[in-house]
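Below: the structure, in structure tokens.
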Amino acid sequence: MIGVFDSGVGGLSILKALRRELPAHDFTYFADTGYAPYGGQGDAYIIDRSRAVARTLVEDHGAQVLVIACNTATAAAVHVLRQDYPQLPIIGVEPALKPAAALTRTGRVGVMATRFTVGSAKFLSLLDTLKGQAEFVLQPCDGLVDAIEAHDGARIAQLCEQYTRAMGSFGTAPGRIDTLVLGCTHYIFAKDVLVPLVGAGVTILETGEPVARQTRRILESSSLLRCEGRGRVYLLTTGSSPALQGESQRRLC
Ligand code: DGL
């Protein structure tokens with residue numbers, strides 16, 4: 001079984017790509033909704049929560065592989081979890097800065113992420129490796145995870161408008177931002193709002209498919225890859241189980 005976790009429903013976007021890539025595998029998805037959002041918290045809180053969730057998935061439910069479907073938890077805790085479980089394959093997610101630097105034609109890339117992620121050492125060192133390759137306009141998006149969790153359409157629209165405006169002009173003309181990185185797994189669920197704000201010519205990057213392909217490579221190299229049959233999805237949460245059940249039906253189809 002592959003354990004997948006996020007602070008809430010955002011990681012379902014990664015789980016969807018994982019199921020498409022690895023249909024024969026069983027997944028257990030843990031939404032830590034009772035302790036979300038992580039993005040306005042500090043290291044200690046996010047590390048504690050990530051450890052508690054990993055313990056449940058690995059020690060209580062026997063996960064053989066762990067996917068951290070959360071940029072914030074990856075930035076804070078992937079190194080700690082790898083120390084805690086040195087034998088366990090652990091796959092994290094990080095904002096798609098490298099693909100964005102390769103794709104941009106104007107040389108300007110917008111990055112939306114949680115406040116924790118954009119200030120984290122892991123993110124800043126990734127940014128450092130790309131120095132000179134593109135200009136990255138970083139936008140912490142306080143409140144957006146909460147609005148997405150709450151299905152608050154008016155608030156999602158207001159925050160997306162505010163944050164895209166703060167980043168500057170989007171488009172394919174010189175000097176504009178032509179590539180937008182969604183550095184939080186929740187934000188893809190606001191894509192319908194973001195596209196009209198930035199324009200259809202802007203490339204929007206998220207990480208579901210690359211993470212799914214990386215997970216397949218790791219399963220292959222650990223001889224854990226299954227190709228026969230149809231896997232199942234099990235759900236765990238520190239929030240409301242019926243709510244997560246409903247979300248997974250909506251988001252995974
Ligand atoms: N989906 C998480 C991420 O990718 C959201 C973090 C939060 O709870 O603020 O960063």
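Heads up: numbering here begins at 1 and tracks the sequence. Every number for a ligand or one of its atoms is a count from 1 in the order of the listing. The structure presented is a predicted model; accordingly, all values stated were derived computationally and were not measured.
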## Note on the structure
Within the 4.0 Å heavy-atom cut-off, what Val145 brings close to ligand 1 is side chain
### Query
With a 4.0 Å cut-off on heavy atoms, is Ala36 touching ligand 1?
no
### Query
What are the atoms of ligand 1, with element, lying closer than 4.0 Å to any heavy atom of Asp6?
1 (N), 2 (C)
### Query
Regarding Ser120 and Thr117, is there a side-chain donor-to-acceptor distance under 3.5 Å anywhere?
no
### Query
Of the protein's non-hydrogen atoms, which lies at the shortest distance from atom 10 (O) of ligand 1, and what is that distance?
Thr72 OG1, 2.6 Å
### Query
Would Arg232 count as a cation-pi partner of Phe27, with NZ or CZ less than 6.0 Å from the six-membered ring centre and within 45° of the ring normal?
no
### Query
Relative to the heavy atoms of Ser7, which atoms of ligand 1 are at a distance of less than 4.0 Å?
5 (C), 6 (C), 7 (C), 8 (O)
### Query
Considering only heavy atoms, does Thr114 approach ligand 1 within less than 4.0 Å through its side chain, its backbone, both, or neither?
side chain
### Query
Going from NZ on Lys122 to CG on Leu126, what distance comes out if it is rounded to the nearest 0.5 angstrom?
7.5 Å
### Query
Given Thr74, Asp142, Asn71, which one has a non-hydrogen atom that is nearest to atom 3 (C) of ligand 1?
Asn71
### Option with minimal heavy-atom separation from atom 9 (O) of ligand 1, where the choices are Ala76, Gly39, Cys184
Gly39
### Task
Kindly say whether Val93 contributes a backbone atom to a donor-acceptor pair with the side chain of Thr74 at under 3.5 angstrom?
yes
### Task
Mark yes or no: Arg176 above the aromatic ring of Phe170, with NZ or CZ under 6.0 Å from the six-membered ring centre and no more than 45 degrees from the axis.
no
### Message
When you compare the side chain of Ser7 with that of His186, does any pair of heavy atoms fall below 4.5 Å?
### Response
yes
